[in-house]
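Atoms within a ligand are numbered from 1 in the order they appear, just like the ligands themselves. We number each residue from 1, following the sequence as shown.
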Amino acid sequence: MNGNRLIFATGNPNKIREVHELLEGIFEVGGLQDIGCPFDLPETSPTIEGNAQQKARYVFENYGVDCFSEDTGLEIEALNGEPGVNSAHFAGEGRNAQDNMDLVLRKMAGEANRKARFYTVIALILNGEEHLFEGIAEGTIRHVPSGIGGFGYDPIFQPNGFEHTFAELTKQEKNEISHRGQAVRKLVKFLTSLNH
Ligand code: ITT
């Protein structure tokens, strides 16, 4: 790693907040502001994996630093995997998380199959080589949003085995079971194994 620092290539402060404590003390993580890179990274791929790769490659090719990015989608079985790769802009460009959740709930009205999952892919570029790590959280879509923690679709997503939505869990509880927590732990395991 260059100077032991990795750049987290994301414009989403919620993602940074969540991964911070998982990476703290293990290796130094910088943000796009540290390399003067704009926050709006290109993501035009039709897949989650492709978008994660595209964001990391953009930063590596333009700034030449070791970096990782992640892309996440909420995949709802009854909606044939939607919003999926369109999770950030499901209700349209410029719409917010509330609009996205409202649209999901409208499309799911009267639907008995509430199965859904969050799917995350982290793309790491280290010394010019690319590595992928994934995480999946299975659950169901609630009929009514609940909770104020987390971000995005968290108030309507109830992970399997829990009575609460992601938005009702603490950051630590969510990290223990979430798609992002799983992918980040794989990243950490890989990075720490390089030092032994
Ligand atoms: P970057 O691409 O800059 O990292 P982004 O917000 O555009 O940030 P994504 O393309 O991965 O990120 O979009 C995923 C969207 O899915 C995100 O904007 C949220 O609305 C939602 N999302 C991602 N992770 C989530 C989580 O843990 N809980 C709830 N919703 C989440």
Side-chain angles (χ1 to χ4, degrees), residues 6-22 29 31-33 35 37-59 67-76 79 81-105 116-124 132-142 145-159 162 164-185 187:
L6 270 179
I7 297 297
F8 186 6
T10 179
N12 186 329
N14 296 300
K15 293 183 178 179
I16 295 174
R17 193 171 41 78
E18 282 192 3
V19 308
H20 180 74
E21 66 174 28
L22 296 172
V29 179
L32 293 176
Q33 73 282 356
I35 54 170
C37 175
F39 286 125
D40 205 7
L41 298 170
E43 36 185 335
T44 53
S45 165
T47 65
I48 301 282
E49 180 182 321
N51 274 339
Q53 290 172 314
Q54 190 180 11
K55 289 185 272 193
R57 285 176 189 169
Y58 177 85
V59 168
C67 62
F68 68 98
S69 68
E70 70 103 286
D71 204 68
T72 294
L74 173 65
E75 301 176 338
I76 301 175
L79 302 183
E82 279 193 322
V85 74
N86 294 319
S87 291
H89 308 290
F90 193 41
E93 290 294 329
R95 310 303 292 273
N96 61 23
Q98 186 64 51
D99 299 326
N100 288 336
M101 279 192 292
D102 289 346
L103 182 56
V104 165
L105 292 179
R117 66 176 203 169
F118 276 111
Y119 178 52
T120 291
V121 175
I122 289 179
L124 166 72
L132 298 180
F133 308 92
E134 63 172 29
I136 293 171
E138 305 273 359
T140 51
I141 300 297
R142 283 273 191 94
S146 186
I148 55 166
F151 68 102
Y153 298 92
D154 281 346
I156 58 170
F157 183 84
Q158 179 172 314
F162 286 75
H164 296 103
T165 67
F166 266 164
E168 294 171 317
L169 300 181
T170 65
K171 191 172 56 172
Q172 289 78 6
E173 287 170 333
K174 180 183 170 188
N175 267 341
E176 269 173 38
I177 54 170
S178 78
H179 43 296
R180 182 166 301 103
Q182 292 172 40
V184 171
R185 279 190 291 276
L187 169 72

Considering Pro83, Ser87, Gly11, Gly84 one by one, which has a heavy atom nearer to atom 3 (O) of ligand 1 than any of the others?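 Among Pro83, Ser87, Gly11, Gly84, the closest heavy atom to atom 3 (O) of ligand 1 belongs to Gly11.
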Would you mind finding which of Ala88, Pro42, Pro155 brings a heavy atom closest to atom 18 (O) of ligand 1?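 Looking at heavy atoms only, the winner is Ala88.
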[atom]: the protein heavy-atom neighbour that sits closest, reported with distance to 0.1 Å:
atom	answer
atom 11 (O) of ligand 1	Lys15 NZ, 2.9 Å
atom 14 (C) of ligand 1	Thr72 O, 3.2 Å
atom 10 (O) of ligand 1	Glu43 OE1, 2.9 Å
atom 22 (N) of ligand 1	Phe151 CE1, 3.8 Å
atom 28 (N) of ligand 1	Asp154 OD1, 2.6 Å
atom 30 (N) of ligand 1	Tyr153 N, 3.1 Å
atom 24 (N) of ligand 1	Arg180 NH2, 2.7 Å
atom 2 (O) of ligand 1	Lys55 NZ, 2.6 Å

| said: Would you call the rings of Phe68 and Phe8 parallel, tilted or perpendicular, taking 30° and 60° as the class edges? | reply: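 The rings of Phe68 and Phe8 lie parallel, inter-plane angle below 30°.
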**Asked** Just by modelled atom types, is the Thr44 backbone N or O under 3.5 Å from a matching donor or acceptor in the Asn51 side chain?
**Response**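 Yes, because the side chain of Asn51 sits within donor-acceptor range (under 3.5 Å) of the backbone of Thr44.
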Would you confirm whether Lys55, through its side chain, and Glu70, through its main-chain N or O, come within 3.5 Å as a donor-acceptor pair?
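A pair under 3.5 Å: yes.
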Does any N or O atom in Asn12 lie less than 3.5 angstrom from one in ligand 1, N or O only?
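Indeed, backbone or side chain, Asn12 has an N or O that close.
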### Message
Can you confirm, on distance only, whether ligand 1 has an N/O atom lying under 3.5 Å from any N/O atom belonging to Phe166?
### Response
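The answer is no, given that Phe166 and ligand 1 share no N or O pair closer than 3.5 Å.
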query: What atoms of ligand 1 come within less than 4.0 Å of a heavy atom belonging to Asp71?
result: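 Counting from 1, the qualifying ligand atoms are 9 (P), 10 (O), 11 (O).
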